Amino acid sequence: MLPDWPAWSTTGITCERTMSGDIVVSLPIADWNGPFDPDLGRHAVAALEAGRVVCLTGLAFTTLPEEAVLLSPALLDNSRKNISFDPASGRVSGSAEHPALLAAMLARFARSAESMLRGLLIPYADTLWAGRTSFRPAEIAGRAYSPRHDDRRLHVDAFPSRPIGGARILRLFTVLPQASAARAWRIGEPFESVAAGFLPALPSPAPLRARLYALLGLTKGVQSAYDQMMLALHDRMKLDADYQRQASYTARTFSPGSTWLCFTDQVSHAALSGHMMLEQTFHVPVQSMLDPEQSPLRVLERLAGRALA
Ligand code: SIN
Ligand code: FE
């Protein structure tokens, strides 16, 4: 159960009560550009830090007429599930089709997402940084994935080759209005319960291995003990068939033309079906949080009884 939510002081915010608490909070935001009501921003930050999903039901990312050719699973290179874009370098991977048009659309989405977050989430505005952008045009239901790569199983996010020290992973998702179906998610139990359940099964941190991986170029930088624990947690969750069968969750769909965000390193999630989605990853230093104690880093440190990053 997530901690109780205070009474709303701002109109237009709705909160979905489920068996496991008010996991999804909806904010009345329908424009990527601010200025945003500071009260909305404060509620968004508090909800995100408590492990809730913040839904912007009326916020759609609109494509240009000439971008219609991009809205097809045929764009994906063989066997790839995503097209990935690096906003810093402008490089696209995962598709060889229409490179300039694709890069322009993804850059515009990355800019919209970043400007929205900097305008809305004031405490993070100066310190958040953008990671990669991804475009997921293909239907995910019915595809074959290895268990570790199967995002249809409940998991928390961690990056195998890009260590982040102890920083947060904040992701913004939007289903394009042209999609013919909503994206169906499961939202699992709160992070502290997940972490406490799996902690005894997690391997001890291996600092020598972290240095070796960095030397060999397998990781971009040296993994912290926290990076290693989060990766192990991600893998153990996905590979544990009993856990996947028995864990409690809330089912939630996100309609075409809607946007949502959450700290995916904290919110246990699984994406069961859907297509034509865009996603932008951000990172936030734990020190910028209003309540750093709610971060996975601090939760794991409390449970493990030692510093991890
Ligand atoms: C994930 O981060 O697990 C993917 C979510 C999605 O594809 O909807
Ligand atoms: Fe994920």
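The model shown is predicted, which means the values in this text are computed figures rather than measured ones.
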So, His149 versus Asp151: side-chain donor-acceptor pair below 3.5 Å or not? no
The criterion is side-chain contact (heavy atoms from CB on, under 4.5 Å); which residues satisfy it with [X], sequence neighbours excluded?
X: Thr253; result: Ala182, Ala184
X: Ala181; result: none
X: Ala103; result: Phe85, Val92
X: Ala196; result: Leu303

List the atom of Arg302, the atom of Glu293, and the distance in Å for their closest heavy-atom pair. NH1-OE1, 2.8 Å
Less than 3.5 Å apart, which donor and acceptor atoms pair up between the side chains of residues 61-76 and the rest of the protein, not counting sequence neighbours?
unit_1: Thr63; atom_1: OG1; unit_2: Gln178; atom_2: NE2; d: 2.8
unit_1: Glu67; atom_1: OE1; unit_2: Leu64; atom_2: N; d: 2.8
unit_1: Glu67; atom_1: OE1; unit_2: Arg108; atom_2: NH2; d: 2.9
unit_1: Glu67; atom_1: OE2; unit_2: Arg108; atom_2: NH1; d: 2.7
unit_1: Ser72; atom_1: OG; unit_2: Ala74; atom_2: N; d: 3.0

I need the full list of side-chain hydrogen bond (donor to acceptor under 3.5 Å, both in side chains) pairs touching residues 88-104, with sequence neighbours left out, sorted by first then second residue. Asp86-Ser89
Sorted by first residue and then second, give each side-chain hydrogen bond (donor to acceptor under 3.5 Å, both in side chains) pair with at least one member in residues 271-282; sequence neighbours left out. Thr133-Gln280, Ser134-Glu279, Arg136-Glu279, Arg171-Glu279, Arg171-Thr281, Ser180-His275, Glu279-Thr281
For residues 203-219, please give each side-chain donor-acceptor pair under 3.5 Å, one per line with the distance, not counting sequence neighbours.
unit_1: Thr219; atom_1: OG1; unit_2: Ala214; atom_2: N; d: 3.4
unit_1: Thr219; atom_1: OG1; unit_2: Gly221; atom_2: O; d: 2.8

How would you list, by chain and number, every residue that makes a side chain to side chain donor-acceptor pair (under 3.5 Å) with Asp77, sequence neighbours excluded? none
With sequence neighbours left out, write down each residue that passes side chain to side chain donor-acceptor pair (under 3.5 Å) with Ser295, or none if nothing qualifies. none
Partner set under ring pair (Phe, Tyr, Trp, His ring centres under 6.0 Å) for Tyr243, not counting sequence neighbours: Phe198
Supply the members, apart from Ile169, of the Ile/Leu/Val/Met/Phe/Trp/Tyr cluster built from side-chain contacts under 4.5 Å; use none for a lone residue. Phe159, Ile164
